[in-house]
Protein chains: 2
Amino acid sequence: MTITLHVCITCRAGETVPEGQPTPGSLLHQAIVRIGTPPGVNVVAVECLSACNQGCSVALSAPGRWSYVYGRLSEENARDVVAGAAAYAAASDGIVPWRTRPEIFRKQSLARLPPISSLSEAAE
Amino acid sequence: MTITLHVCITCRAGETVPEGQPTPGSLLHQAIVRIGTPPGVNVVAVECLSACNQGCSVALSAPGRWSYVYGRLSEENARDVVAGAAAYAAASDGIVPWRTRPEIFRKQSLARLPPISSLSEAAE
């Protein structure tokens, strides 16, 4: 299954970013793109994940799976973010065993969301 | 459209909850159910939204829409949560104008997630 790794590129992570300088969020995004993403991972830049006071932040999601949001990240975490996204993509149900998650995913969860109900399920 | 309001019922919101006593999360859930949910809102209890240090928490989601997670809530916020969920359900695209969101939704966002890509979109 192809999963989506959303990376907030507008995040200032509480810093004052001078005009024309890249935001911490865009630096994290660039670092992820530089590393290259593994099969089944689609990296998508997004403007604001509304986790501004816990930034930088990323989110993992895919149809029919739990979604996860992680925060307090920086470009130094790019490799772990990519590894965690690869594990999420590779897990047949999207549930990565706790111990095999990168430490940043174990300790820096901002939220997880249940799979989104289809209209018919939600109407039941 | 029917949208889903997930309410974390296991949340202790940083409190020590004596054995047999209801958690703050379950009290929030009960308060929401007591108020009664408006048309188009499906309330679903969930065990842990992984926002434990920002609890209690709730999430709004629906197919094809942005999802939202809010935290630092208590049962006293039940009425505002229901009002906010109703506004989300009523907005044709799920985007509720900022000024018409309840204050708890403006100030206590934990995260928002873009609509989940379908497999075909994600593979592009």
Side-chain angles (χ1 to χ4, degrees), chain A residues 1-8 10-11 37 39-72 89 94-95 98 101 105-124, chain B residues 1-8 10-11 37 39-72 89 94-95 98 101 105-124:
Chain A
M1 168 178 281
T2 299
I3 65 94
T4 302
L5 168 63
H6 281 105
V7 182
C8 176
T10 45
C11 193
T37 46
V41 176
N42 188 32
V43 177
V44 177
V46 57
E47 293 190 351
C48 196
L49 288 171
S50 286
C52 311
N53 60 0
Q54 299 280 329
C56 303
S57 59
V58 302
L60 292 172
S61 61
R65 293 185 171 199
W66 285 77
S67 300
Y68 298 85
V69 191
Y70 302 102
R72 303 189 295 279
I95 308 290
W98 182 261
R101 297 180 193 184
F105 282 13
R106 293 199 305 270
K107 297 194 172 171
Q108 291 163 228
S109 165
L110 299 188
R112 63 172 194 165
L113 275 91
I116 292 176
S117 303
S118 71
L119 278 173
S120 56
E121 286 173 335
E124 281 175 0
Chain B
M1 167 178 281
T2 298
I3 65 94
T4 302
L5 169 63
H6 282 105
V7 182
C8 177
T10 46
C11 194
T37 45
V41 177
N42 189 32
V43 177
V44 177
V46 57
E47 294 190 350
C48 197
L49 287 171
S50 286
C52 310
N53 59 2
Q54 299 280 330
C56 302
S57 59
V58 303
L60 291 172
S61 61
R65 293 183 171 201
W66 284 77
S67 301
Y68 297 86
V69 191
Y70 303 102
R72 303 189 296 281
I95 308 290
W98 181 260
R101 297 181 192 184
F105 282 13
R106 293 199 304 268
K107 296 193 172 171
Q108 290 164 226
S109 165
L110 298 188
R112 64 173 193 164
L113 275 89
I116 292 176
S117 303
S118 71
L119 278 173
S120 57
E121 286 173 333
E124 280 173 4

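Since the structure is predicted, the reported quantities are computational estimates derived from the model, not experimental observations. Chain letters run A, B, ... following the sequence lines, proteins first and then strands; every chain starts at 1.
Within the model, atoms CH2 of Trp66(A) and CG of Leu49(B) stand 6.5 Å from one another, a figure rounded to the nearest 0.5 Å. For the atom pair NE2 (His6(B)) and CD1 (Ile116(A)), the distance works out to 9.0 Å, reported to the nearest 0.5 Å.
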Start with the C-alpha gap between Val69(B) and Val69(A), add the side-chain angles, then the distance that decides, and say whether side-chain contact (heavy atoms from CB on, under 4.5 Å) holds.
CA-CA 10 Å; Val69(B) 191; Val69(A) 191; 5.7 Å; no
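For residues 52-61 of chain B, heavy-atom neighbours of chain A at less than 4.5 Å comprise Gln54(B), Ala59(B), Ser61(B), sorted by residue number.
Gln108(A) does not touch chain B: none of its heavy atoms, backbone or side chain, sits under 4.5 Å away. Using a 4.5 Å cut-off between heavy atoms, Cys48(A) contacts chain B through both its backbone and its side chain.
At least one donor-acceptor pair under 3.5 Å links the side chain of Ser109(A) to the backbone N or O of Ser50(B).
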